[in-house]
Amino acid sequence: MSSAPYYLKASPLGTWFNGLVGKLARHGVSLAGSAELSVRGRKSGEMQRIPVNPHTYEGERYLVSARGHSQWVRNMRAAHEGELRVGRKVRPFRAVELPDAEKLPILRTYLERWDWQVDKFFAGVTAKSSDAEILAAASDHPVFRITVTG
């Protein structure tokens, strides 16, 4: 018997705060490196927007879904591309999802950078957790390598 993929839905306050962070990014204000992600909806075909924390590791850019298998993740799996926006600066990109075995260094450095914001979504896993503990959580947190195309 398989269980549903991990996803931690935002509280009403979290939803409000995400909306605020997204609106700020749209107007050119990035909070601690945040940006607004736009990705085409797999069912609606409409662009869906959500704030994200783009992460850089060894010169490559990544998007990590701290909350798990969210709608933006499902849309990214279908679209394989999107846009990151901060103000007037819009960066279209292509995205490739990483297999769990490749996520360890990205998740560890993501947690080092963003733990103050995302630690509650990782069920006790931190940047100081063992490799085995981080790898055990990897399937719950999709990671996409993004390559800017424009």
Side-chain angles (χ1 to χ4, degrees), residues 5-10 14-123 125-129 131 133-150:
Y6 173 79
Y7 173 64
L8 186 59
K9 186 176 179 178
T15 300
W16 177 84
F17 186 72
N18 281 345
L20 176 63
V21 173
K23 186 174 184 174
L24 288 170
R26 261 191 318 280
H27 290 92
V29 178
S30 173
L31 297 180
S34 64
E36 183 181 64
L37 167 66
S38 295
V39 61
R40 189 159 310 281
R42 66 196 182 285
K43 295 179 184 176
S44 70
E46 301 292 322
M47 293 301 273
Q48 306 296 311
R49 302 183 306 200
I50 188 163
V52 292
N53 298 323
H55 180 62
T56 302
Y57 174 73
E58 293 189 346
E60 300 273 359
R61 303 267 304 197
Y62 298 90
L63 295 177
V64 175
S65 181
R67 291 184 177 276
H69 297 265
S70 62
Q71 292 300 318
W72 78 258
V73 167
R74 294 171 184 167
N75 290 336
M76 189 65 67
R77 287 174 176 152
H80 305 287
E81 64 184 2
E83 296 176 343
L84 290 176
R85 172 187 296 272
V86 176
R88 293 184 186 166
K89 191 169 196 169
V90 178
R91 292 187 175 113
F93 64 83
R94 299 281 301 154
V96 176
E97 188 168 4
L98 298 185
D100 291 346
E102 294 179 21
K103 294 179 186 177
L104 176 64
I106 291 93
L107 289 175
R108 185 178 301 283
T109 55
Y110 179 83
L111 287 165
E112 287 171 355
R113 171 80 167 94
W114 299 102
D115 68 335
W116 59 275
Q117 186 181 27
V118 302
D119 64 339
K120 58 192 162 281
F121 308 133
F122 280 81
V125 173
T126 71
K128 294 180 181 179
S129 294
D131 289 357
E133 290 168 323
I134 292 174
L135 284 171
S139 65
D140 289 340
H141 302 283
V143 175
F144 295 87
R145 179 183 301 112
I146 61 173
T147 305
V148 174
T149 58

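Atom set for the values below is all heavy atoms of this structure, side chains included, hydrogens, waters and symmetry mates excluded. In this text, all values refer to a predicted model and were calculated from it rather than measured experimentally.
- How far NE2 of His27 is from CZ of Arg85: 10.0 Å, rounded to the nearest 0.5 Å.
- Closest non-hydrogen pair, Ser34 versus Val21, comes out as OG-CG1, 3.7 Å.
- One N or O on the side chain of Thr149 and one on the backbone of Pro92 form a donor-acceptor pair closer than 3.5 Å.
- For the atom pair Gln48 CD and Arg74 CZ, the distance stands at 13.5 Å (nearest 0.5 Å).
- Of the possible polar contacts, one joining the Asn75 side chain to the Arg42 backbone as a donor-acceptor pair under 3.5 Å is found.
- The neighbour count for Arg91 CZ, taken as heavy atoms of other residues, nucleotides or ligands under 6.0 Å away, does not exceed 12.
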Pair Tyr62, Leu107 - check side chain to side chain contact (heavy atoms under 4.5 Å, CB included), show working. CA-CA 10 Å; Tyr62 298 90; Leu107 289 175; over 6 Å; no

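- A distance-only check finds a donor-acceptor pair linking the side chain of Arg67 to the backbone of Leu8 [under 3.5 Å].
- Within the 3.5 Å criterion, the main-chain N or O of Gly68 finds a donor-acceptor partner in the side chain of Ser65.
- Contact of the Phe93 side chain with the Thr147 side chain is not registered, since no non-hydrogen atoms from C-beta on lie closer than 4.5 Å.
- When side chains are defined from C-beta on, Asp119 does not count as touching Leu111, because their heavy atoms never get closer than 4.5 Å.
- Contact annotation: the side chain of Tyr110 never approaches that of Asp115 to less than 4.5 Å [non-hydrogen atoms, C-beta and beyond].
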Which is it for Leu24 and Leu31 under the side chain to side chain contact (heavy atoms under 4.5 Å, CB included) test, yes or no, and what are the steps along the way? CA-CA 8 Å; Leu24 288 170; Leu31 297 180; 3.9 Å; yes

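- Two residues are said to be in side-chain contact when any heavy atoms from C-beta on lie closer than 4.5 Å; Leu63 and Val143 fail this criterion.
- Here the shortest heavy-atom pairing between Ala79 and Arg40 reads CB-O, 4.3 Å.
- Applying the side-chain hydrogen bond (donor to acceptor under 3.5 Å, both in side chains) criterion to Asp140, with sequence neighbours excluded, gives no partner residue.
- Contact record, Tyr7 with Ala10: OH-N, 4.4 Å, taken as the closest heavy-atom pair.
- Listed here is the closest heavy atom pair of Thr126 and Ile134: O-CD1, 3.8 Å.
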Applying side chain to side chain contact (heavy atoms under 4.5 Å, CB included) to His55 and Trp114, what does each step give before you reach the verdict? CA-CA 9 Å; His55 180 62; Trp114 299 102; 4.3 Å; yes

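- Smallest separation of non-hydrogen atoms from Pro105 and Glu102: CD-O, 3.8 Å.
- The structure places CG of Leu135 at 8.5 Å from CZ of Arg108, a figure rounded to the nearest 0.5 Å.
- The heavy-atom pair separating Ala127 from Glu112 by the smallest distance is CB-CG, 3.3 Å.
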Leu37 and Leu84: side chain to side chain contact (heavy atoms under 4.5 Å, CB included), yes or no, with the steps? CA-CA 5 Å; Leu37 167 66; Leu84 290 176; 4.2 Å; yes

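- Contact annotation: the side chain of Met76 never approaches that of Glu97 to less than 4.5 Å [non-hydrogen atoms, C-beta and beyond].
- Ring geometry for Phe144 against Trp72 counts as tilted: the plane angle lies between 30° and 60°, on a 0 to 90° scale.
- Between His141 and Tyr6, the distance from one ring center to the other falls under 6.0 angstrom.
- Under the 4.5 Å side-chain criterion, counting only non-hydrogen atoms from C-beta, Ile50 is in contact with Val52.
- Take Pro5 and apply the side-chain contact (heavy atoms from CB on, under 4.5 Å) test, not counting sequence neighbours, and it matches His69.
- Listed by first and then second residue, the salt bridge (charged side-chain N to carboxylate O under 4.0 Å, His left out) pairs involving residues 43-52 are Glu36-Arg49 (not counting sequence neighbours).
- Annotation: Lys120, atom NZ; neighbour count of heavy atoms from other residues, nucleotides and ligands within 6.0 Å is above 12.
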